[in-house]
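Worksheet: the structure to be examined is printed underneath.
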There are 2 protein chains.
Amino acid sequence: MKRAKKQVFREFITAKGLRSTRQRDIILDAFLSADRHISIEELYRKLRAKNPGIGYATVYRTLKLFAESGIARETQFGDGQTRYEHVTAGEHHDHLVCTRCGTIVEFENETIEQLQADVARQHGFRIDTHKLELYGICAKCQR
Amino acid sequence: MKRAKKQVFREFITAKGLRSTRQRDIILDAFLSADRHISIEELYRKLRAKNPGIGYATVYRTLKLFAESGIARETQFGDGQTRYEHVTAGEHHDHLVCTRCGTIVEFENETIEQLQADVARQHGFRIDTHKLELYGICAKCQR
DNA sequence: CCTCTATTGAAAGTAATTTTCACTGTACAG
DNA sequence: CTGTACAGTGAAAATTACTTTCAATAGAGG
Ligand SMILES: [Mn+2]
Ligand SMILES: [Mn+2]
Ligand SMILES: [Zn+2]
Ligand SMILES: [Zn+2]
């Protein structure tokens, strides 16, 4: 899975005429072994522990590349920071977000997806993406 | 409807021990007669035409109060600017957003709402709010 | 090796929003 | 009606998250 994503990114790099660099390898490793919804700040701190030399701007730039290559997706959960999550080709999911502890749970619901498509059709829209997030308090925080 | 919202805001102001000011009245009038999904920048420009004295910070502060009082809702449609939309008590809707021309269409779908509640229940979440936005190209822009 | 450029880190720049602060104005007590 | 306390205001500075600039560096192919 990690291997597959590394492969996808490598091919993306090549196809685009970009270069494989030490920094990109390090950031990719850190990203793939990090939480599924990580902020740049968090990833940066994680990286710096082992690799002091790496610049903030490089992390920003590299995560954009991950998104472009299809191995990551940018998300905004309303806390002011962009998060990047792991994406596996052909998969899609939405999110439950705990506004107390920040826990993010992923879910898939084909019926909802279908109804969204219906709504779009009724209004003549051609949908490219959508965002469905349910915000509340998770089971643990309710206790 | 406008009258009702003005009343709601007036009561909110009183209940909170805040003060009714010329600026708040002007901003409220402008907001209520503006587009249903207006950015602060847009509202500010609209205001300034008739009321030069009003400060940027006051518009920001006042719109937050509108949201707190329940007559407005903050929304983020991914264009980098916060928009405030009119809210009528007891009503809820979601959005279709045209990524080409910026058109925003509102819709309600009780079945989707129900399924969302089911998903939350399955995961033990107590949901406070949710966000469902469908992004794509509107009928007009497709032509 | 060499050369052509893509890439990098640090610092400066942006854009949206928030905070600070000295002054002003509202509302209620007297 | 005042007088006052303190909420509210505008302008400017600050903050935050992110992006761009730029001089130096380093992949990749020849
Ligand atoms: Mn996810
Ligand atoms: Mn709306
Ligand atoms: Zn929680
Ligand atoms: Zn359109």
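All values derive from a computational prediction rather than experimental measurement. Residue numbering restarts at 1 for every chain, and letters A, B, ... go by the order of the sequence lines.
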| Do the side chains of A:Arg73 and A:His86 get nearer than 4.5 Å, heavy atoms only? | no

| query | Can you find a heavy atom in the side chain of A:Ile112 that is under 4.5 Å from one in the side chain of A:Leu132? | reply | yes

| hbond_proxy A:Arg19 side chain to D:dT25 base (donor-acceptor, 3.5 Å cutoff) | no

| query | Under the criterion side chain to side chain contact (heavy atoms under 4.5 Å, CB included), which of A:Lys131, A:Glu133, A:Arg83, A:Gln81 is the partner of A:Gln76? | reply | A:Lys131

| said: Determine whether a donor-acceptor pair (N or O, by modelled atom type, separation under 3.5 Å) exists between the side chain of A:Thr88 and the backbone of A:Glu91. | reply: no

Protein-nucleotide distance ([X], atom [atom1]; [N], atom [atom2]), rounded to Å:
{"X": "B:Lys16", "N": "D:dC6", "atom1": "NZ", "atom2": "P", "result": "19 Å"}
{"X": "A:Gln76", "N": "D:dA17", "atom1": "CD", "atom2": "P", "result": "11 Å"}
{"X": "A:Leu65", "N": "D:dC18", "atom1": "CG", "atom2": "P", "result": "16 Å"}
{"X": "A:Lys64", "N": "D:dT20", "atom1": "NZ", "atom2": "C1'", "result": "13 Å"}

| field | Of the listed nucleotides D:dG8, D:dT21, D:dT19, the one nearest the side chain of A:Arg61 | value | D:dT21

| Which nucleotide of DNA chain C is the first, and which the last, in the 5' to 3' direction, to come under 4.0 Å of a heavy atom belonging to chain B? | C:dA16 to C:dA27

| said: How long is the straight-line distance from NE2 of B:His123 back to CD of A:Glu106, given to the nearest 0.5 Å? | reply: 10.0 Å

| query | Can A:Asp25 and A:Arg22 be said to form a salt bridge (charged side-chain N to carboxylate O under 4.0 Å, His left out), step by step? | reply | CA-CA 5 Å; A:Asp25 288 344; A:Arg22 192 178 61 84; over 6 Å; no

| query | Where along residues 22-60 of chain B does a heavy atom fall under 4.0 Å from DNA chain C? | reply | B:Ala57, B:Tyr60

| With nearest nucleotides of DNA chain C determined for B:Ser20 and B:Tyr84 from heavy-atom distances, which residue corresponds to the more 5′ nucleotide? | B:Tyr84

| query | When A:Asp29 is tested against each of A:Lys5, A:Arg3, A:Lys2, A:Lys6 for salt bridge (charged side-chain N to carboxylate O under 4.0 Å, His left out), which residue passes? | reply | A:Lys6

| request: Supply the members, apart from A:Phe31, of the Ile/Leu/Val/Met/Phe/Trp/Tyr cluster built from side-chain contacts under 4.5 Å; use none for a lone residue. | output: A:Val8, A:Phe9, A:Phe12, A:Ile13, A:Leu18, A:Ile26, A:Ile27, A:Leu28, A:Leu32, A:Ile38, A:Ile40, A:Leu43, A:Tyr44, A:Leu47, A:Ile54, A:Tyr56, A:Val59, A:Tyr60, A:Leu63, A:Leu65, A:Phe66, A:Ile71, A:Tyr84

